[in-house]
Amino acid sequence: MAKRWYSNPFRLIFLSLTAIGAAGLCYLIANSGKSAADKAGPHHSNNRFAADEPLHTMPEHLEPGLILLTPDRIVNIPVADGFQWPVGAPNLAMMYDAQPFAAMNDKRGGHHVGQDLNGIGGENTDLDEPVTAAARGLVIYSGEPSESWGNVVVIAHRLPDSNDVIQTLYAHLNERKVRPGQIVGRGQRIGSIGTAHNHYLAHLHFEAAKSLCNEAGMPGYHPGGTMNRINPEELIAAHPAPSIADPYEQARRLLISEAANAAPTTTTTKPMEGTIQLNPSQFLKQ
């Protein structure tokens with residue numbers, strides 16, 4: 001009789017060590033520079049461990065670097081057709097970068113790990129302006145990791161040329177329009193620019209990271225550099241979005257429109273053989 005895979009003690013030891021190593025790597029990322037984070041002010045959060053909780057039931061205060069994305073979430077991350085700026089007109093028109101990526105901020109105790117995108121009018125002139133998904137992806141976090149972070153949305157994307165998983169993070173939102181587990185199209189509205197409970201003047205804190213951990217609420221400043229963060233400007237330049245709208249987003253809007261105008265019916269029709277079936281629920285407004 002063939003031996004079962006779990007009958008080999010060496011294989012069990014190897015799998016256990018692999019799992020421990022992955023969790024340990026995320027722990028190191030989450031806690032590197034943590035003492036500096038405690039002094040750094042509003043962009044940091046005093047989080048608690050929540051690794052075993054489902055994403056939709058996580059407490060507002062969490063230790064995001066310890067939460068690995070589940071296998072079902074990873075396989076459902078769609079391939080992005082390119083990245084674009086989440087605010088302003090194309091090419092970030094009518095916006096400016098108030099605090100660039102990797103800029104040193106002595107007051108906050110480290111290097112800025114994202115970009116602070118602000119309306120050219122300054123002050124709160126861009127309050128409640130729309131924030132859209134930079135690329136097609138899967139929402140893996142939608143919540144408030146701390147009061148000073150305010151509303152945060154994190155979207156995971158798969159790069160078309162390498163299959164790498166990239167996350168984009170949108171922070172200090174005035175409102176959130178999406179929920180975890182929802183697939184969004186490039187350019188779909190996910191929230192609006194906010195102030196994080198008046199901790200700051202209105203702006204969007206925008207990050208990108210290569211990671212399989214949940215990155216919501218990680219330090220916004222780091223004393224040793226930019227951790228695993230990617231320069232958003234370089235990401236967009238390396239994978240520019242096509243000039244046309246995301247076909248996924250167009251199909252989503254079409255289905256929403258058809259669902260709103262459709263006459264009630266009790267009959268069902270069998271789809272044509274060979275057609276691609278879509279799940280209408282993933283397109284409907286959340």
Side-chain angles (χ1 to χ4, degrees), residues 29 43 77-106 108 110-122 125-126 129-137 139-141 149 152-173 184-194 196 200-211 213 215-216 218-246 249:
I29 293 174
H43 261 152
I77 297 172
V79 177
D81 65 347
F83 290 79
Q84 63 188 38
W85 293 106
V87 289
N91 299 319
L92 211 63
M94 306 301 292
M95 305 292 292
Y96 73 98
D97 189 357
Q99 186 173 198
F101 177 78
M104 181 63 189
N105 189 317
D106 293 326
R108 301 293 187 194
H111 299 269
H112 195 219
V113 300
Q115 290 181 295
D116 285 347
L117 305 179
N118 202 14
I120 59 174
T125 55
D126 54 349
E129 287 293 310
V131 175
T132 61
R136 185 188 312 153
V139 178
I140 59 173
Y141 183 83
W149 269 108
V152 172
V153 169
V154 183
I155 303 175
H157 323 268
R158 199 177 301 278
L159 295 183
D161 55 353
S162 65
N163 209 37
D164 288 339
V165 172
I166 299 294
Q167 296 181 25
T168 52
L169 177 146
Y170 314 77
H172 314 329
L173 301 176
V184 294
R186 172 174 50 84
Q188 179 179 337
R189 181 166 179 166
I190 60 173
S192 61
I193 293 177
Y200 327 98
L201 293 174
H203 71 279
L204 175 69
H205 177 85
F206 180 50
E207 294 183 12
K210 182 179 179 181
S211 177
C213 301
E215 297 289 340
M218 292 282 278
Y221 297 86
H222 195 273
T226 55
M227 300 187 293
N228 62 337
R229 299 303 192 264
I230 300 169
N231 187 332
E233 188 171 357
E234 293 180 358
L235 174 66
I236 293 172
H239 303 278
S243 57
I244 61 172
D246 186 347
E249 173 62 2

Donor-acceptor under 3.5 Å (T168 side chain, A208 main chain): no
Side chains of W149 and M218: closer than 4.5 Å at any heavy-atom pair? no
In this structure, CZ of F101 is separated from CD of Q115 (nearest 0.5 Å) by 8.5 Å
Q188: partners by side chain to side chain contact (heavy atoms under 4.5 Å, CB included), with sequence neighbours left out: V178, Q182, V184, E249, R252
Using 0.5 Å steps for rounding, measure from the CG atom of L235 to the CD atom of E207. 12.5 Å
CD1 of I236 to CD of E234, rounded to nearest 0.5 Å, is 11.0 Å
How are the rings of H203 and H172 set relative to one another: parallel (under 30°), tilted (30 to 60°) or perpendicular (over 60°)? perpendicular
Please check: side-chain N/O of R136 versus main-chain N/O of D246, any donor-acceptor pairing under 3.5 Å? no
I need the T132 OG1 to W85 CH2 distance, nearest 0.5 Å. 12.0 Å
Spacing of I140 atom CD1 and I155 atom CD1 [to the nearest 0.5 Å]: 9.0 Å
Quick check against the 3.5 Å criterion: does Y170 have a side-chain atom that pairs as donor or acceptor with the backbone of A133? no
Mind checking whether L204 and L173 have side chains closer than 4.5 Å, heavy atoms only? yes
I'd like to know if the side chain of R158 and the backbone of I77 have a donor-acceptor N/O pair within less than 3.5 Å. yes
Identify the two heavy atoms, one from C213 and one from Q167, that lie closest to each other, and give their separation to 0.1 Å. O-NE2, 2.6 Å
Once rounded to the nearest 0.5 Å, what's the spacing between atom CZ of R229 and atom NE2 of H111? 14.5 Å
If we count only N and O atoms by modelled type, under 3.5 Å, do the side chains of D116 and H205 hold a donor and an acceptor together? yes
Heavy-atom check, side chain of I193 versus side chain of V87, under 4.5 Å: yes
